[in-house]
S.K.: 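Starting off with a structure, shown below.
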Amino acid sequence: MPATVRARIALLLCASLATPALLAQANCGAPTPRDGEGPFYSPGAPRRASLAEAGAKGERMILSGTVYSRDCRPLANALLDFWQADEKGEYDNAGFRYRGQLTADANGRYRLETVLPGEYPGRPRHIHVKVQAPGGRALTTQIYFGDSGAPARLTAKLAKREGALQAGFDFVLQ
Ligand code: FE
């Protein structure tokens, strides 16, 4: 086989392997840092896997990943409670728009459909979340999307696929 063909095959293999790697986080040993709850948490958000409203103008985004224990074992059935600003950067403090809870599956995987939150003054864009494994303590933190001022350790891996922004973020609980 000519070297150029071999090189091309190697490149294709690398490209197909690189996609999931891009969405996974390499370091699952260090616990995910806590971040501020902020003033807008409302308990009792509905159970749902999609926060995107009909006719939402924000960029469609799929946020997904795995919830791990400190020793890198996937944690089944962790509860994830998300809240975020809408595309205009506003929180719904009367109802539950852009708020929802879902449960990770038996392999610790979760998947949330939503829109990229809008910016509001003084903050890089972020989604708030509380993550709690059955019988464990809740971790309250925020996931960021690479704006300036966003903490690297809490920034999702971003890729564009099938017309939606794919944001990958794994949690490591204490
Ligand atoms: Fe906020």
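One-based numbering, in listed order, for ligands and for the atoms of each. These numbers were taken from a predicted model, which means no experiment stands behind them. Numbering of residues begins at 1 and proceeds along the displayed sequence.
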S.K.: Please report how many protein N/O/S atoms lie under 2.8 Å from the Fe ion (ligand 1).
M.R.: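 Count of protein N, O, S atoms less than 2.8 Å from the Fe ion (ligand 1): 4.
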S.K.: Relative to each other, are the rings of Tyr110 and Phe171 parallel, tilted or perpendicular (30° and 60° limits)?
M.R.: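 Ring orientation of Tyr110 relative to Phe171: tilted.
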S.K.: Heavy atoms, side chains only, cut-off 4.5 Å: are Pro117 and Ile127 in contact?
M.R.: yes
S.K.: When you look at CZ of Arg137, are more than 12 heavy atoms from neighbouring residues, nucleotides or ligands closer to it than 6.0 Å?
M.R.: no
S.K.: Does a donor on one side chain sit under 3.5 Å from an acceptor on the other, for Thr66 and Arg109?
M.R.: yes
S.K.: Should Lys88 and Asp86 count as an ion pair when the cut-off is N to O under 4.0 Å?
M.R.: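 Looking at Lys88 and Asp86, the cut-off is not met.
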S.K.: For Tyr144 and His126, take the angle between the two ring planes, folded into 0 to 90°, and tell me which bin it lands in: parallel under 30, tilted 30 to 60, perpendicular over 60.
M.R.: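 Geometry flag for His126 against Tyr144: tilted rings.
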